[in-house]
Amino acid sequence: MTLFEKLKQASSEEDVKDAYIKALGLKSYRKNIVDIQTKEVWFEAKHNARKTLYEMFTQLMHYVQQALNQGNEIPPFLVVMDTQKAAIMKSLDVLPFLAKKTIKWGKSASGYTPEALDAISAHIGTFFVSFKIENDEEEFINTVKNAIRNGDIIRTQITPDNLKQVFDKWVKMIGREISGKFGETDHLNSV
């Protein structure tokens, strides 16, 4: 059974966490206030897909800020995930921003303020890599595993052997974004 199939059957946040733990092959982890913690990655999980990636990252950043304030070590990567989508980013991309301590967080991680959401969203927009689990499950799993193994986020490497496959995927993704925005004639002339 694929990760996506398991996520469709999830009836709780614990089911979501367990599905990702198994799919990623996580061995040494803890489930605490941060949903899943390993030495390399902190994960924020949600049972449904009602929260945006930005909202989930804002909640996770609240925990990162608390850990920074207490002098605790922060892992190299941060991941947010739910039953439909996931995203990964490097912690180094947000640590200098959080070190300024200018965000008004709210009383709890889930009770973040609109200002915190706006500030985090504006900062992280270009730093995270997102995935739709239904279509990108394998790429997400490989990206996280490679990040843990290599210490960097590496998307699909483009080689002469996979150039057509990567190009076709790009066309499919872009096609969804611009579908209907151009007349047939305009689209055909631009190709």
Side-chain angles (χ1 to χ4, degrees), residues 1-70 72-95 98 103 105-113 116-117 120-121 124-125 127-155:
M1 184 180 295
T2 67
L3 171 60
F4 184 68
E5 290 167 343
K6 287 181 184 173
L7 292 172
K8 286 195 309 189
Q9 295 178 354
S11 60
S12 69
E13 190 172 293
E14 287 304 312
D15 291 344
V16 172
K17 291 180 210 178
D18 291 341
Y20 278 99
I21 288 168
K22 185 173 182 181
L24 294 168
L26 300 178
K27 301 289 183 223
S28 193
Y29 62 87
R30 293 186 328 257
K31 293 181 183 179
N32 289 315
I33 193 159
V34 175
D35 289 331
I36 304 167
Q37 291 177 283
T38 71
K39 188 176 85 171
E40 302 87 6
V41 188
W42 282 1
F43 299 85
E44 176 64 30
K46 296 293 177 205
H47 169 246
N48 54 49
R50 289 191 289 243
K51 297 282 186 185
T52 67
L53 294 171
Y54 293 101
E55 290 170 310
M56 290 189 286
F57 269 123
T58 299
Q59 187 170 342
L60 186 54
M61 296 302 160
H62 184 272
Y63 298 128
V64 172
Q65 183 72 69
Q66 286 181 329
L68 284 173
N69 293 349
Q70 296 169 1
N72 296 331
E73 195 170 322
I74 308 299
F77 301 100
L78 303 170
V79 171
V80 296
M81 60 213 186
D82 63 25
T83 56
Q84 296 179 14
K85 61 191 175 296
I88 184 171
M89 69 183 301
K90 291 181 186 180
S91 299
L92 286 176
D93 291 331
V94 295
L95 293 180
L98 294 176
I103 296 176
W105 287 104
K107 294 184 181 191
S108 67
S110 59
Y112 53 80
T113 64
L117 176 60
I120 293 295
S121 298
I124 69 171
F127 292 121
F128 67 83
V129 180
S130 64
F131 303 87
K132 289 184 179 179
I133 298 302
E134 183 175 12
N135 302 319
D136 305 325
E137 175 179 325
E138 187 178 335
E139 186 178 356
F140 168 73
I141 292 168
N142 290 336
T143 298
V144 173
K145 286 181 175 183
N146 286 332
I148 291 169
R149 188 177 324 118
N150 302 320
D152 202 1
I153 298 172
I154 302 168
R155 297 289 305 254

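Since we're looking at a predicted model, the values are computed, not measured.
In terms of heavy-atom proximity, I141 sits nearest to A23 at CG2-O, 3.7 Å. Closest heavy-atom contact between W105 and L98: CZ2-CD2, 3.8 Å. What you find for I88 and F131 is that their closest heavy atoms are CG2-CE1, 4.1 Å. Closest non-hydrogen pair, I74 versus A67, comes out as CD1-CB, 3.4 Å. Summarising the geometry of L3 relative to A19, their closest heavy-atom pair is CD1-O, 3.6 Å, with the distance given to 0.1 Å. Taking every heavy atom of both residues into account, S91 and F77 meet most closely at OG-N, 3.5 Å.
A donor-acceptor pair under 3.5 Å is absent between the side-chain atoms of T113 and the main chain of G106, judged by distance alone. With hydrogens and angles disregarded, a donor-acceptor distance shorter than 3.5 Å links the side chain of H47 to the backbone of A10. The backbone N or O of D82 sits less than 3.5 Å from a side-chain atom of Y20, completing a donor-acceptor pair. Looking at Q84, its side chain never comes within 3.5 Å of a backbone N or O of A49 through a donor-acceptor pair.
From E13, atom CD reaches atom CG of D18 across 11.0 Å, with rounding to the nearest 0.5 Å. Atom CG of L60 sits about 9.5 Å away from atom CD1 of I124, to the nearest 0.5 Å. Separation of atoms CG (D35) and CZ (R30) is listed at 13.0 Å; rounding is to 0.5 Å. Between the CE atom in M81 and the NZ atom in K46 there is a gap of 10.5 Å [rounded to 0.5 Å]. Distance CD1/I21 to CD1/I36: 4.0 Å, rounded to 0.5 Å. For the atom pair N142 CG and E139 CD, the distance stands at 8.0 Å (nearest 0.5 Å).
For the pair L53/K85, a side-chain contact is recorded, criterion being any heavy-atom separation below 4.5 Å from C-beta on. The shortest side-chain heavy-atom distance between Y54 and I120 does not fall under the 4.5 Å cut-off. For the pair T143 and I153, the minimum side-chain heavy-atom distance is below 4.5 Å. Using a 4.5 Å heavy-atom cutoff, the side chains of L95 and V64 are in contact. The shortest side-chain heavy-atom distance between L24 and F140 falls under the 4.5 Å cut-off. Using a 4.5 Å heavy-atom threshold, the side chains of M61 and L78 count as touching.
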### Task
Walk me through it: do Y29 and V41 pass the test side-chain contact (heavy atoms from CB on, under 4.5 Å)?
CA-CA 9 Å; Y29 62 87; V41 188; over 6 Å; no

### Task
Might you work through the side-chain contact (heavy atoms from CB on, under 4.5 Å) test for T83 and V16, ending with a clear yes or no?
CA-CA 7 Å; T83 56; V16 172; 3.7 Å; yes

#### Entry: Working for ring pair (Phe, Tyr, Trp, His ring centres under 6.0 Å), residues Y112 and F57
CA-CA 11 Å; Y112 53 80; F57 269 123; over 10 Å; no

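Within 6.0 Å of CD in E5 there are more than 12 heavy atoms belonging to other residues, nucleotides or ligands.
Between K31 and E14 a salt bridge is recorded (basic side-chain N to carboxylate O distance below 4.0 Å). The pair K90-D152 meets the salt-bridge criterion, with a side-chain N (NZ, NE, NH1 or NH2) lying under 4.0 Å from an Asp/Glu carboxylate O.
Between Q59 and K51, the side chains place no donor N or O within less than 3.5 Å of an acceptor N or O (distance only, hydrogens not considered).
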